[in-house]
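Notes follow once the structure below has been shown.
For clarity, every value in this text was computed on a predicted model and none was experimentally measured. Any value given below was found using the heavy atoms of this structure, including those in side chains, with hydrogens, waters and symmetry copies removed.
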Amino acid sequence: MAAELDPEAADPLYLQLAAVLISRIGNGTYALGRAVPGVDRLMQEFGIARGTARKTLVLLAEMGYVRTVVGKGSFVIERENDEPTG
């Protein structure tokens with residue numbers, strides 16, 4: 001089920017998409033060490049521009065959710081500031 005982004009919302013599309021991807025990382029849809037969808041896949045799934053998809057992936061990397069490897073993709077990493085649960 002594809003999440004809908006709202007172009008009329010106050011938050012820009014790249015922030016809305018980041019929230020969707022962070023949620024998917026949190027619920028295990030994109031597991032630790034696994035790739036998140038690339039730019040082309042995000043464009044197709046969400047009907048967004050290439051720049052929006054790129055900006056989202058850059059933001060996720062800056063926030064510590066993914067590590068991007070040029071030519072390979074963006075992979076979910078363990079966040080340094082996450083507290084272990086238990």
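- With Leu5 as the fixed residue, the side-chain contact (heavy atoms from CB on, under 4.5 Å) test singles out one of Thr52, Asp11, Leu13: Leu13.
- Atom CD1 of residue Ile48 and atom CZ of residue Arg54 lie 11.5 Å apart, to the nearest 0.5 angstrom.
- Closest non-hydrogen pair, Ser74 versus Thr68, comes out as OG-OG1, 2.8 Å.
- In terms of heavy atoms, Ala53 sits closest to Leu42 at CB-CB, 4.0 Å.
- The minimum heavy-atom distance between Leu59 and Ala18, with the atom names listed, is CD2-CB, 3.9 Å.
- In this structure, Glu78 contributes its side chain and Leu32 its backbone to no donor-acceptor pair below 3.5 Å.
- A salt bridge is defined here as a Lys NZ or Arg NE, NH1 or NH2 lying under 4.0 Å from an Asp or Glu carboxylate O, and Arg67 with Glu62 fails to meet this definition.
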With side chain to side chain contact (heavy atoms under 4.5 Å, CB included) as the criterion, how do Gln44 and Asp40 come out once you've worked through the C-alpha distance, each side chain's angles and the decisive distance to 0.1 Å? CA-CA 6 Å; Gln44 180 182 20; Asp40 290 339; over 6 Å; no
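- Side chains of Leu60 and Leu21 form a contact here, defined as non-hydrogen atoms less than 4.5 Å apart.
- Both Val20 and Met43 belong to a common hydrophobic cluster when Ile, Leu, Val, Met, Phe, Trp and Tyr are linked at side-chain heavy-atom distances under 4.5 angstrom.
- Counting only heavy atoms from C-beta outward, the side chains of Val36 and Phe75 never approach each other to under 4.5 Å.
- A pairwise comparison of heavy atoms in Gly64 and Arg79 identifies O-CG, 3.0 Å as the closest pair.
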Pair Thr56-Gln16, side chain to side chain contact (heavy atoms under 4.5 Å, CB included): steps then yes or no: CA-CA 9 Å; Thr56 301; Gln16 293 179 52; over 6 Å; no
Assess the residue pair Lys55 and Leu17 against the criterion (side chain to side chain contact (heavy atoms under 4.5 Å, CB included)); give the C-alpha distance rounded to whole Å, side-chain angles, the decisive distance to 0.1 Å, and a yes or no. CA-CA 10 Å; Lys55 192 169 187 175; Leu17 180 54; over 6 Å; no
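- Placement of Val58 and Tyr30 in two distinct hydrophobic clusters is found when ILVMFWY residues are connected by side-chain heavy-atom separations under 4.5 Å, directly or transitively.
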Apply side chain to side chain contact (heavy atoms under 4.5 Å, CB included) to Tyr65 and Ile77, showing your working. CA-CA 6 Å; Tyr65 284 97; Ile77 58 174; 6.0 Å; no
